[in-house]
Amino acid sequence: MYAEAWILLDFTQHNIGRERAVLVCVALGNDADRWPVQESLRELASLARTAGARVVATRHQQRRKPDTTTFIGKGKVAELKSLQHEQPYDLLIFDNDLTPSQQRNLEEQLDVKVLDRTALILDIFATRAQTSEGKLQVEMAQLTYLLPRLSTLWVKFSRLGGGIGTRGPGETQIESDRRLIRQRLSHLRSRLDAVRARRSRQRARRTVNDMPVASLVGYTNSGKSTLLNAVSQAGVLAEDKLFATLDPTTRRVKLPTGLEVVLSDTVGFIRHLPPSLIAAFRATLEEIQAADLLLHVVDASHSQCERQVAAVYETLTDLGIEDKPIITVLNKIDQLEGLAPNLADYPNPVLVSAREGDGLDTLLDTVAQTLNAQLSVDVQVRIPYQEGRLVSLFHQRGSIRRERHGADGTVIEGTLPRKYWPVLRPYAIGSS
């Protein structure tokens, strides 16, 4: 049923290994918070190398707004065409997002493959996904990206097969492929809805078992997987690459207070994270929404540390997650050159080196204290002797500082998970 659609999809699978790439970054407008062009190109180069390309040259441009036809204008197109004689290349990668027509026009004028930032990230995700869930999510994002670009791809096919006599059937085929892709997207959404339902049941079981959840979030390559390995021996792939690991991992970790917490590693964020990826990874990102605590892992040694932090907060806002308690894990302190970060700039900061194991005890103590403050209530109750089950509940689920037996019942001072407080509230003699 999907044979024709898969032929078309194979045409778009960007196997860019060994390809010689030129990177282009266009700075638009006068945004004071914009990343420096050289830093943007440096990150784009890391993405390109992660995908397997060999970067042979870079170009940048300042524009008030994009050129509607080619994004970069005739002058820059001519410069890139001239560059082909000096430094041959077969791939042009933009740090910006291109419209389908801009991409088509550039490919026609330069006779090279053109990718924008979103297509490059999707390509990397396609190679990183290992679980069936991850592959479903990536495929959905790829198809969503591909759908408005079908016309561009069929223009390429018509050029390969000749012009006159192919255009009519081509238009018919486009509509056929659009229908097939929409059907496939509907099928993927159904399967991902099932994934969301399964994850929801898992979260419900953790809630019943009083298992708090802390989600690791952060910019890609900030060291989240290395940190998870360090505190839980999770054995997660950890490489010095962007998006080294894609599929989520959860592990139980015992805190110094004896409390067990579920640590959940999530996909790394990046500036201008494609909306199609956020939508496709909704099932995974809901783990963050359901978490009791966020551990924001920051590469404190990175030259654009503050901008990476801002990009993470922007993504959290897009996901509707602004009010959760956050511990800022300032990682890679062993690689710091010069001044340490100003701790006053970050909520609940903890300095660590996940690779060297420095600061991990302090981090786990901070997690325990934060969860205790977040999930527990400090109480003093007098429980009648006939309600002995409530005393047992306090012993099993709470933390007791002082206990004595009086004439009217058992007096207990301590902390208790908030969800049990309603059944003990009638016996309160003091709380905070």
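Quick note: numbers below take in every heavy atom, side chains included, and nothing from hydrogens, waters or symmetry partners. All values derive from a computational prediction rather than experimental measurement. The first residue of the sequence shown is numbered 1, and numbering continues consecutively from there.
Within 6.0 Å of the NE2 atom in His302, the count of heavy atoms belonging to other residues, nucleotides or ligands exceeds 12. The number of heavy-atom neighbours closer than 6.0 Å to CD of Glu387, taken from other residues, nucleotides and ligands shown, is above 12.
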Test log, rule side chain to side chain contact (heavy atoms under 4.5 Å, CB included), inputs Asn331 and Asp299: CA-CA 5 Å; Asn331 190 26; Asp299 180 356; over 6 Å; no

Test side chain to side chain contact (heavy atoms under 4.5 Å, CB included) applied to His395 and Ile400, step by step: CA-CA 7 Å; His395 276 272; Ile400 296 176; 3.7 Å; yes

Evaluation steps, side chain to side chain donor-acceptor pair (under 3.5 Å), between Ser46 and Glu43: CA-CA 5 Å; Ser46 295; Glu43 181 177 89; over 6 Å; no

Leu143/Glu139 under side chain to side chain contact (heavy atoms under 4.5 Å, CB included): CA gap, chis, key distance, verdict: CA-CA 6 Å; Leu143 290 175; Glu139 183 184 351; 4.0 Å; yes

Steps toward side chain to side chain donor-acceptor pair (under 3.5 Å) verdict (Asp318, Thr315): CA-CA 5 Å; Asp318 290 342; Thr315 304; 5.2 Å; no

Stepwise side chain to side chain donor-acceptor pair (under 3.5 Å) test for Asp97 and Thr118: CA-CA 7 Å; Asp97 285 330; Thr118 295; 2.8 Å; yes

Test log, rule side chain to side chain donor-acceptor pair (under 3.5 Å), inputs Ser301 and Glu337: CA-CA 7 Å; Ser301 68; Glu337 296 179 2; over 6 Å; no

Pair Lys224-Asp265, salt bridge (Lys or Arg N to Asp or Glu O under 4.0 Å): steps then yes or no: CA-CA 7 Å; Lys224 295 188 286 75; Asp265 190 12; 3.3 Å; yes

Side chain to side chain contact (heavy atoms under 4.5 Å, CB included) assessment of Thr415 paired with Val377: CA-CA 5 Å; Thr415 57; Val377 59; over 6 Å; no

Derivation and outcome, salt bridge (Lys or Arg N to Asp or Glu O under 4.0 Å), residues Arg42 and Asp95: CA-CA 10 Å; Arg42 187 173 290 116; Asp95 194 48; over 6 Å; no

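Applying the salt bridge (charged side-chain N to carboxylate O under 4.0 Å, His left out) rule to pairs touching residues 352-371 yields Asp334-Arg355, sequence neighbours excluded.
Between the side chain of Lys76 and the backbone N or O of Gln61 there is no donor-acceptor pair closer than 3.5 Å. Formation of a donor-acceptor pair under 3.5 Å by the Glu413 side chain with backbone atoms of Glu403 is not found in this model. Distance alone, capped at 3.5 Å, is enough to place a donor-acceptor pair between the Ser190 side chain and the Ser186 backbone. Side-chain atoms of Thr370 come within 3.5 Å of backbone N or O of Thr366 as a donor-acceptor pair. Of the possible polar contacts, one joining the Thr144 side chain to the Met140 backbone as a donor-acceptor pair under 3.5 Å is found. Listed for the Gln102 side chain is a donor-acceptor partner under 3.5 Å among the backbone atoms of Thr99. At distances below 3.5 Å, at least one donor-acceptor pair connects side-chain atoms of Ser222 with backbone N or O atoms of Val297. No donor-acceptor distance shorter than 3.5 angstrom exists from the side chain of Tyr346 to the backbone of Val329, with no hydrogens or angles considered. A donor-acceptor pair under 3.5 Å links the side-chain atoms of Thr328 to the main chain of Pro347, judged by distance alone.
Looking at heavy atoms from C-beta onward, Phe94 lies in side-chain contact with Leu106 at the 4.5 angstrom threshold. Taking the side chain as every heavy atom from C-beta outward, Val22 and Val56 approach each other to under 4.5 Å. Counting heavy atoms from C-beta on, the side chains of Leu424 and Phe394 come closer than 4.5 Å. Side-chain contact between Leu23 and Arg59: absent, with no pair of heavy atoms (C-beta onward) separated by less than 4.5 Å. Under the 4.5 Å side-chain criterion, counting only non-hydrogen atoms from C-beta, Val367 is in contact with Ile327. For the pair Val352/Ile333, no side-chain contact is recorded, criterion being any heavy-atom separation below 4.5 Å from C-beta on. Contact annotation: the side chain of Arg307 approaches that of Pro36 to within less than 4.5 Å [non-hydrogen atoms, C-beta and beyond]. In this structure, the side chains of Val213 and Leu293 stay at 4.5 Å or more apart for every pair of heavy atoms.
Residues satisfying the side-chain contact (heavy atoms from CB on, under 4.5 Å) criterion with Asp323, sequence neighbours excluded, are absent altogether. For Tyr313, the ring pair (Phe, Tyr, Trp, His ring centres under 6.0 Å) partners are His296, not counting sequence neighbours.
Note: Asn105 CG to Thr68 OG1 = 9.0 Å, rounded to the nearest 0.5 Å. The line from CG of Leu146 to CG of Leu185 is 9.0 Å long, rounded to the nearest 0.5 Å. Here Ile321 contributes atom CD1 and Leu294 contributes atom CG; the two are 6.5 Å apart, rounded to the nearest 0.5 Å. Rounded to the nearest 0.5 Å, atoms CD1 (Ile181) and CG (Leu188) are 11.0 Å apart. Rounded to the nearest 0.5 angstrom, Asp116 CG and Gln103 CD are separated by 6.0 Å. Within the model, atoms CG of Leu47 and CD1 of Ile121 stand 5.5 Å from one another, a figure rounded to the nearest 0.5 Å.
Looking at Arg271 and Glu314, no side-chain N of the basic residue comes within less than 4.0 Å of a carboxylate O on the acidic one, giving no salt bridge. A salt bridge is defined here as a Lys NZ or Arg NE, NH1 or NH2 lying under 4.0 Å from an Asp or Glu carboxylate O, and Arg252 with Glu260 meets this definition. Remark: Lys113 engages Glu19 in a salt bridge, criterion side-chain N to carboxylate O under 4.0 Å. Using a cut-off of 4.0 Å between Lys/Arg side-chain N and Asp/Glu carboxylate O, Asp378 and Arg401 are scored as salt-bridged.
Minimum interatomic distance between Val261 and Leu371 (heavy atoms only, all atoms of both residues): CG2-CD1, 3.9 Å. Taking all atoms of both residues into account, the shortest heavy-atom contact from Leu228 to Arg251 is CD1-CB, 4.4 Å. Across all their heavy atoms, Ala48 and Ile93 have their closest contact at CB-CD1, 4.0 Å. Between Leu295 and Ala214 the shortest heavy-atom distance is CG-CB, 4.5 Å. For the residue pair Asn96 and Val26, the shortest heavy atom distance occurs at ND2-O, 2.9 Å. Residues Asp90 and Arg20 come closest through the heavy atom pair OD1-N, 2.9 Å.
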